[in-house]
There are 2 protein chains.
Amino acid sequence: MQNLDQSFNALADPTRRAILARLARGEATVLELAAPFSMSQPAISKHLKVLEGAGLVSRRVDGTRRPCRLEPAALDAIDRWIADLRRVLETNYSRLDALLADIEMNEGEA
Amino acid sequence: MQNLDQSFNALADPTRRAILARLARGEATVLELAAPFSMSQPAISKHLKVLEGAGLVSRRVDGTRRPCRLEPAALDAIDRWIADLRRVLETNYSRLDALLADIEMNEGEA
DNA sequence: AAGTTATATAACTCAAAAGTTATGGAGTGC
DNA sequence: GCACTCCATAACTTTTGAGTTATATAACTT
């Protein structure tokens, strides 16, 4: 999955996670998002571009402003990937348990 | 959270995700993990170091081998972060709904 | 002891990422 | 139309990351 690359990468940066946390509370413009950080506005714009590329954020046009909002659907793919990993892990643990139980049984026979 | 940086970053690479997927099926040595990839062994060792740094993988010593295994507990922090984000989002959607309902009610009055 | 296997480390290259400053363009308000 | 605000883009620097080859180390094999 190409998009998992972008999603995980987007979330790997603390500034970007903070931006998402802010957006979870509601829409915000670029300058509003930049305010809490000791970072230039272009830096925040670049972070937003990364988040948008990952589908985690969308923007609308409001005059000269570009209010951003969180797109939680992009998180689903991540959830699914992790869940799949756990599922495979569980499946194979179960098999291992069965195998061990089997060995134990045969040892009991011997 | 410092560790979220490392965790998300570790998962942002497709080779590393593939390694985890392989490890979900059971322990594997470095060379076993390297086999499916057209990539040198040192490259895989470096990926494993990243995964280990994120707590996603652990290694044990078996003679000259270093079998790796998946540490699924490291995924919990990620799940929690995403769940928190969704929770905040839901909370604020609810407030918005309440606000809209309120406005509608007042309009009905007018 | 010698050779072989499994892995790690070092030194390097190349590309990409994160930040900066400077600037441009589109909208708004007077 | 002019000044100002909001944001994006360009050009640049610096750091980091992913990959390479070459080599070292430690354990196993015979």
Side-chain angles (χ1 to χ4, degrees), chain A residues 1-23 26-71 74, chain B residues 1-23 26-71 74:
Chain A
M1 293 283 169
Q2 152 74 357
N3 203 43
L4 281 177
D5 280 29
Q6 292 177 259
S7 302
F8 279 122
N9 179 61
L11 295 176
D13 185 281
T15 301
R16 288 195 289 261
R17 287 198 306 277
I19 288 174
L20 293 182
R22 165 66 187 80
L23 290 178
E27 267 191 4
T29 68
V30 176
L31 284 189
E32 283 166 1
L33 290 172
F37 302 100
S38 54
M39 206 180 292
S40 65
Q41 169 263 312
I44 300 297
S45 281
K46 282 172 79 171
H47 281 307
L48 286 172
K49 208 166 188 177
V50 173
L51 290 166
E52 201 176 12
L56 286 160
V57 157
S58 66
R59 286 141 138 154
R60 60 186 183 83
V61 175
D62 172 23
T64 170
R65 306 184 174 188
R66 298 287 178 278
C68 303
R69 81 173 129 189
L70 183 59
E71 291 291 343
Chain B
M1 294 285 167
Q2 153 72 357
N3 202 46
L4 281 177
D5 281 27
Q6 292 176 260
S7 302
F8 279 122
N9 179 62
L11 294 175
D13 185 281
T15 301
R16 288 196 288 262
R17 286 199 307 277
I19 288 175
L20 292 182
R22 166 66 188 77
L23 289 179
E27 268 192 1
T29 68
V30 175
L31 284 189
E32 282 166 1
L33 290 172
F37 303 99
S38 56
M39 206 181 293
S40 65
Q41 168 262 314
I44 300 296
S45 280
K46 283 172 79 170
H47 281 306
L48 287 171
K49 209 167 186 177
V50 173
L51 290 166
E52 201 177 12
L56 286 160
V57 157
S58 65
R59 287 142 137 155
R60 60 185 183 85
V61 176
D62 173 24
T64 170
R65 305 183 175 189
R66 299 285 179 278
C68 303
R69 82 174 128 187
L70 182 60
E71 291 291 343

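To find a chain, count down the sequence lines: A is the first, B the second, and so on, and within it residues start at 1.
Atom C1' of nucleotide dC6(D) and atom CD of Glu32(A) are separated by 11 Å, given to the nearest angstrom. Taking atom CZ of residue Phe8(A) and atom P of nucleotide dA17(C), one finds them 17 Å apart after rounding to whole Å. Atom pair Arg60(A):CZ and dG27(C):C1' shows a separation of 15 Å (rounding to whole Å applied). We find that CZ of Arg65(B) is positioned 13 Å from C1' of dT4(C), with the value rounded to whole Å. Per the geometry, CG belonging to Asp62(B) stands 13 Å off P belonging to dA8(C), to the nearest Å. In this structure, Asn9(A) places its CG atom 10 Å from C1' of dA16(C), rounding to the nearest Å. In this structure, Leu31(A) places its CG atom 13 Å from C1' of dC4(D), rounding to the nearest Å. For Arg17(B) and dA18(D), the CZ to P distance is 13 Å, given to the nearest whole Å.
When distances are taken from the side chain of Thr64(A) to each of dT7(C), dA18(C), dT28(C), the shortest belongs to dT28(C). Listed nucleotides dC6(D), dA8(D), dT7(C) differ in distance to Arg66(B); the shortest reach to its side chain belongs to dT7(C). The listed nucleotides are dA18(D), dC6(D), dA8(C); the one nearest the side chain of Arg16(B) is dA18(D).
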Only distances under 3.5 Å count here; give the side-chain donor-acceptor pairs of residues 29-41 of chain B to other protein atoms, sequence neighbours excluded, each with its distance to 0.1 Å.
from: Thr29(B); atom 1: OG1; to: Glu32(B); atom 2: N; distance (Å): 3.2
from: Glu32(B); atom 1: OE1; to: Thr29(B); atom 2: N; distance (Å): 2.9
from: Ser40(B); atom 1: OG; to: Ala43(B); atom 2: N; distance (Å): 3.4
from: Gln41(B); atom 1: NE2; to: Ser45(B); atom 2: OG; distance (Å): 3.1

For residues 49-59 of chain B, which side-chain donor-acceptor pairs fall under 3.5 Å, sequence neighbours excluded?
from: Glu52(B); atom 1: OE1; to: Arg59(B); atom 2: NH1; distance (Å): 2.4
from: Ser58(B); atom 1: OG; to: Glu71(B); atom 2: OE2; distance (Å): 2.7

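Side-chain contact between Leu20(B) and Leu11(B) is present, with at least one heavy-atom pair separated by less than 4.5 Å.
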For this session: Before giving the answer on side-chain contact (heavy atoms from CB on, under 4.5 Å), spell out for Arg22(A) and Ile19(A) the whole-Å C-alpha distance, their side-chain angles and the decisive distance to 0.1 Å.
Result: CA-CA 5 Å; Arg22(A) 165 66 187 80; Ile19(A) 288 174; 5.7 Å; no

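For Arg65(B), the CZ atom counts as loosely surrounded, since its 6.0 Å shell holds 12 or fewer non-hydrogen atoms of other residues, nucleotides or ligands. Within a 6.0 Å radius of CZ in Arg69(B), no more than 12 heavy atoms belonging to other residues, nucleotides or ligands are found.
Once rounded to the nearest 0.5 Å, the distance linking CZ of Arg16(A) with CG of Leu48(A) reads 10.0 Å.
Contacts between residues 35-55 of chain B and DNA chain C, counted as heavy-atom distances below 4.0 Å, involve Gln41(B), Pro42(B), Ser45(B), Lys49(B).
In this structure, dT30(D) and dA1(C) make a Watson-Crick or G-U wobble pair, each of the two defining distances being under 3.5 angstrom.
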